[in-house]
Every structure is written in structure tokens, then in C-alpha cells.
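Just so we're clear, the structure is a prediction, and the values are computed from it rather than from any experiment. Sequence lines set the chain letters: A, B, ... in the order given, protein chains first and strands last, and positions in each chain run from 1.
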2 protein chains.
Amino acid sequence: MDLNALRVFERVAATGSFTAAAQHFHRAVSSVSRQIRGLEESVGQPLLYRHTRAVTLTEAGWRYYEEVRDILERLDMATEALNQPHAEPSGVLRINAPVAFGQRQIVPLLHRFQCRFPSIKAELQLNDRVVDPVREGHDITFRVGNLSDSSLVARQLAPMNYVVAASPGYLARHGTPETPEALSEHDCLIYQGELGRQRWYFQRGDAAKEAAYELDGSLASNDAESLLRAALLGQGLVMFPTWLIAEELSKGALVALLETWRGEVMPGRRELYVLTPERRLRALKVRAFMDYLFETVSPTPPWDRWQEELQS
Amino acid sequence: MDLNALRVFERVAATGSFTAAAQHFHRAVSSVSRQIRGLEESVGQPLLYRHTRAVTLTEAGWRYYEEVRDILERLDMATEALNQPHAEPSGVLRINAPVAFGQRQIVPLLHRFQCRFPSIKAELQLNDRVVDPVREGHDITFRVGNLSDSSLVARQLAPMNYVVAASPGYLARHGTPETPEALSEHDCLIYQGELGRQRWYFQRGDAAKEAAYELDGSLASNDAESLLRAALLGQGLVMFPTWLIAEELSKGALVALLETWRGEVMPGRRELYVLTPERRLRALKVRAFMDYLFETVSPTPPWDRWQEELQS
DNA sequence: AATATTTATTGCGTAAAACGCAACACAATG
DNA sequence: CATTGTGTTGCGTTTTACGCAATAAATATT
């Protein structure tokens, strides 16, 4: 019996897939297959049922998995606890985030973090579908809006702020809308995803409820990046989260509009969350990254600092 | 990090010796040395101080050892728990016993046990000095008399019965002593170990206390086997535990004497104990052997059945 | 119903790791 | 001071793990 085989088994059990476990450990699937086969021989019975496109745990496998998961965790913590107080974080940090947020905010953040701690390596997985962080083996997951996995430790990172914006060229040609009502006279570039066309909502400071505006324009798309490019070319107005267009706002490539109102793309407010599996919260690399992250967004996230920069 | 290295580390920590761990795992000392070095590199600091003729744990090593010991135990138990109800005991059973008892009683018992369970392998270590079963890595330890290790689970196996015996030839030439007092007219072969010459003690059924007899004969030795051989040759009388001479009594090569009295070689009574480390009590191989052992000695140990055999 | 695709298994050759032998270093023991 | 026991390290050999490629099996797609 081999510790490596146990780790492979844990990952196979968590994901239901030899392929996923192979990817996780950067190994060939055949290597995973042999590790599992060897483990089953050493414990004397099958731990997994093999199906066509997945594997599932046998009854014994399930019981063994629960034990092995805890044992591996405990071993890692015992090893971690040996680190001297000044030990530098090291190892592979696995991060998951929505695509656009990851590209624009996590990549530079992570870059600075890794400059500071050169022993850290990272695996950044970006996707917009809801993934299971435990199953995927992520150390840290960024999530927008609703949470649904109670085995994760969720911490609120920052509020999601939306802003309407247009290029200076567009505004020079078409004027600057001063109220949400004025938007109907403008070319609004609308996001149209699986849930249909987004409405824009506005709420003034003291109003009890945001008002919905069903707007239109020359372009609708399910690709935010395309809408952004069109806006930069002066085609129309967009409403996006500040973390998406903070750089363009800072550079003046886009101009924030209707700042007296708070904009949303659906009713209610949402927050940015960061999630970690409960057990891994104390790994040094995870703690270090979380500390760094929360230092970075305090008191104001970098993607919300463009307002301050424009004022100075 | 490797499971094998962790097991090696546990054994080194328990014994304080690379050499002992190497022997335990049937490996070269250099292999143990490298395993430990590799483990220290992977946890990032030394776990052992190297001295000239032993190693000791560092502070971190001690803390790690306590964790690793429990983790390995838990893993073994999780693996053990997977066994199906009808699984046959297998693996290496490590037994320690006093030399003579081991040779005469454990070897045949173990032989029958292994015939019944062919997947069992055994390592039988015999010595008369007091050893530390945890440190030595024994699964089962036989012990006579006093117990002093509270981390072991001790079960009483059987009372120690002593008997005076002589060969038929000796008795034909010198007559049969009918009382302890008559022994002074006989050639008593006395055990003389590190504690000096043994006195023989006798207690009649209803007497409150055993009486001591300081006897003499033509031979005194620290080697019980030699005294026994001399007795078989008709040289004199011996007093030995029944488990030592049960076979000779059964065959009539020696004749039990003074059976109305209970003989001892020191004041008070002693028991035979069998000890197992607390954690290993539930390993299938250990349980199976213990069950077999206690079945064998119930209601009467085989070394005390010669009385019944002579009567039938 | 046929075809394409995905996942896991296994033969085989290669690479990497573990091993043991032997020489050596060091300090305790007699 | 010589001997002895324990641990370290260089080096060659043995063993294990790996990846590639072919294959099997069943699901998804057309």
C-alpha cells in the first residue's frame, strides 16, 4: 500500500473519474488505473465499480474513502504543523474563478502574490459554470451571488458593484444621459445569455426599490468581452461589474455614467465570495493567499479604486 | 512522502535504532537511512538526532511520531475493517516469549495454528530478558509473573504450576521421597541463576503458607535445559514448571513426585500472561491467534494434561 | 441502426526510484 | 589504543512506476 495510491484513490472517489484524478496529478490515466488496481489488491477487495464513463464507490470503498480522506488530511496537517514559524508558503495553489473575473482580477493578484512567495505554484481554472470545489479539488474558489455548499467555508470578499459606461467618443457624438429614463434614447449594448436579455435596474440612494428598464441597442450578445470591445469602439453603452472594466475606467477609455444611481442587472444585491474547503483552511499556502487577498481588497477593492483615482 | 517511509520512521522512533528498524522490515540499514533522510527532506526539517550508537527524536520528530503512529494505526484499522467477515487471517505475526516456554509450548501451538491458517507467517523471538513489546514491535508477548507496561492489554493465560520430578531409573535406585523433608536425602539438581540458588517451596492444600527448603545436589546450573538432561539421565531430582517438562511426564521419561503438595521456586504464586499492544488487539491475525490460544488452554492447558493422561 | 466519442484496461518498453554492498566516519566501550 | 556498533554515502543492480498505444465497452450523437 502506497501513500500515493491513497491520494489517487481520494481524488478518484471525490471526482468519480480516473481521468479527472489523472489530470489533477498530471499523470496518465493508465497510471491511475494501476494505482487503484494495486490498492484494491492490497486491501483485498474492489473499492470502485467501473462504469462506462465514470466510476462509483462500492460500499466498502465508500467507507474506506471516508477514512482515507480524514487520514490524508490529518497527515498533511501533521506535516504542515512541523513547519517552522518563518516557513515560506510553498506548493501548488489551486484556484477556481469565473472566467472574466479570473482573467482581469485574479491573474494580476496571483502574479503579485507569487512574486512575493516564489515557492508558490498555481493552477488557475476559470469557468462560468457552477463547479463543485470539493469534487474539483480546488483550494480556493471565487463565487458570485448565491452559495449552496455547506462544507465550504465562505467569506464575503466584496460587494458586486455595477456601472454604466461609454467611450468618450460615443458621448461626444450622442451626449451624456443624465437619468435612467434617458437611456431609451441611447444605444444600449445588452447581454443576452441563457436567461434571456438582461434588464438594467437602477436604485437611487434613498429609494426603497430598484426600478427596471427594458432597454435596447444595436448589439446584444452572450459574450461580455464582445460587448465590451464594441463599447470601447464607441458603439454604445454597457453595464458591467466594476471588476470587469476597472482598467478601462482608470485609463479613461470608458466613462462611468449615472453614478448617482446604483445599477444592477437583476433585482437585489450580490456579493463576491471566496470559498475554501473546511479542512484546507489551515494549509499555510491557503492561509497566506487568503491573508494577501483580504489585505488587497481592504478597505476598497482595487477594481473600485478608479473613482478615487479620477478624483485625485 | 511515502507510506513506507512513515512506517520506517515509526519503527525507528519506537526503537531508537536504524538497525532495529532495518531488521524489522528485512531491509539494509542504508535503506532505512535513506528513507528517513527522504522523509526529513519532505517535511523540511530533521526528525532525529543522530548519535553514535542510537538516534533520538527531535522535538518536532516527537510530535510527528505521535501523529504518524496514530495515523498508521488508523489506516491499518480502516484497511482491516474492509475485510469480509470470512476473510482468513494473514500477514506476519510477531511473537515474543521466554526461551524455554517458546521452544516447548509456542512452537507446536504456532505450528498447529499455521496449519489451520496457511496465510499466516510468524516471527518468533525468544529471550529471557524483559523486553519492551511496543519498542520491539511484537504483536503478542508471553510473560511470566509480574506486569509493568500499562499500554499493553494483559490477559491471564494460565497458572504456573511447578512439579518435582525424577527419572524412573533414579527412583528405582534411590527410592521415592514421600515428603518434602525426605528431599534432603536425595540428589536435588538446583537452578542457580543471577538471583542465586533457588530454594524449593512446598505448600500442602490446607496450609496457610508454603515452607522453604534449602536443598543440595550434585549439579547446580543457570541452564535449565542442562539440569533437565541430567535428570533424564537419572542424576537427580528437578523442580520445573509443568510447561517445561510436560512431554517427559506424558511419556514417563520423568515421574511426578510429591503431588500432594504445591511446589514453587519462590514465595507466592505466579501466572502466565499474554500481552498485546492496545492498538493491535483488533487486527484479525492477532484476534485469531488469541482465540486459538485461549481455546487451546481451556479448560486445562495442554502442559497440565499429563495428569489426566496418566490416569486414563 | 450506425458511427463517434469517452473512459478505463493492459502489453510493453523506458525512466525513475529503491535497494544492497562495501567503504567509510564517528564515538562509545573494553 | 584497539575494537565494536551504528549511521552515511558512492555506486551498480533490481524493482517499481510511468507513458504510449492498442484495445474493450458502453454511452451519446447523428
Grab the [atom1]-[atom2] distance between [X] and [N] for me, whole Å please.
X	N	atom1	atom2	result
B/R27	C/dC21	CZ	P	12 Å
B/L39	D/dT8	CG	P	13 Å
B/L3	C/dA18	CG	C1'	15 Å
A/N4	C/dA17	CG	C1'	12 Å
A/Q23	D/dG19	CD	P	13 Å
B/L48	D/dG7	CG	P	10 Å
A/I36	D/dC18	CD1	C1'	15 Å
A/E40	C/dA8	CD	C1'	12 Å

Check the orientation of A/H51 and A/Y49. Use parallel for under 30°, tilted for 30 to 60°, and perpendicular for over 60°.
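A/H51 vs A/Y49 ring planes: tilted.
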
Can you say whether the rings of A/F101 and A/F142 are parallel (under 30°), tilted (30 to 60°) or perpendicular (over 60°)?
tilted

Nearest-nucleotide 5' precedence on DNA chain D, A/Q35 against B/A20:
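Per heavy-atom nearest nucleotide, the more 5' residue is B/A20.
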
Return yes if some donor-acceptor pair links the side-chain N/O of B/E80 with the main-chain N/O of B/L284 below 3.5 Å, else return no.
yes

If you take atom types as modelled and just measure distance, does the side chain of B/S30 reach the base of C/dC21 with a donor-acceptor pair under 3.5 Å?
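Check passes, donor-acceptor contact within cut-off.
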
Restricting to non-hydrogen atoms, name the atom on A/K285 and the atom on A/V92 that form the minimum distance, rounded to 0.1 Å.
NZ-O, 2.7 Å

So which protein N/O to nucleotides 11-13 of chain D N/O distances come out below 3.5 Å?
residue : atom : partner : partner atom : Å
D/dC11  : N4   : B/R34   : NH2          : 3.3

Is any side-chain N or O of B/S33 closer than 4.0 Å to OP1 or OP2 of D/dT8?
yes

Whether A/R50 contacts C/dT9 is assessed here as follows: a side-chain N or O lying under 4.0 Å from the phosphate OP1 or OP2. Is that the case?
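For A/R50, the contact criterion (side-chain N or O under 4.0 Å from OP1 or OP2 of C/dT9) is met.
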
Quick one: list whatever passes side chain to side chain contact (heavy atoms under 4.5 Å, CB included) with A/H111, sequence neighbours left out.
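If we apply the side chain to side chain contact (heavy atoms under 4.5 Å, CB included) test to A/H111, skipping adjacent residues, the hits are A/C115.
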
Walk me through whether B/E59 and B/R63 qualify under side chain to side chain contact (heavy atoms under 4.5 Å, CB included).
CA-CA 7 Å; B/E59 174 62 26; B/R63 287 188 277 109; 3.9 Å; yes

Lys/Arg-Asp/Glu bridge criterion (N-O < 4.0 Å) met for A/E225, A/R229
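Yes, A/E225 and A/R229 are salt-bridged.
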
Under-4.0 Å salt bridge between A/R69 and A/E10:
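No salt bridge links A/R69 with A/E10.
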
Return the polar atom pairs (N/O with N/O) between nucleotides 3-7 of chain C and the protein under 3.5 Å, or none.
residue : atom : partner : partner atom : Å
C/dT5   : O2   : A/R53   : NH2          : 2.8
C/dT6   : O4'  : A/R53   : NH2          : 3.2

Options C/dC19, C/dT9, D/dG19, nucleotide nearest the side-chain atoms of A/A28:
D/dG19

Could you please name the option among D/dT8, D/dC18, C/dT10 that lies closest to any side-chain atom of B/R37?
D/dT8

Taking C-beta and beyond as the side chain, do B/F113 and B/I106 meet within less than 4.5 Å on heavy atoms?
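In short, these two side chains do not touch, never coming nearer than 4.5 Å.
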
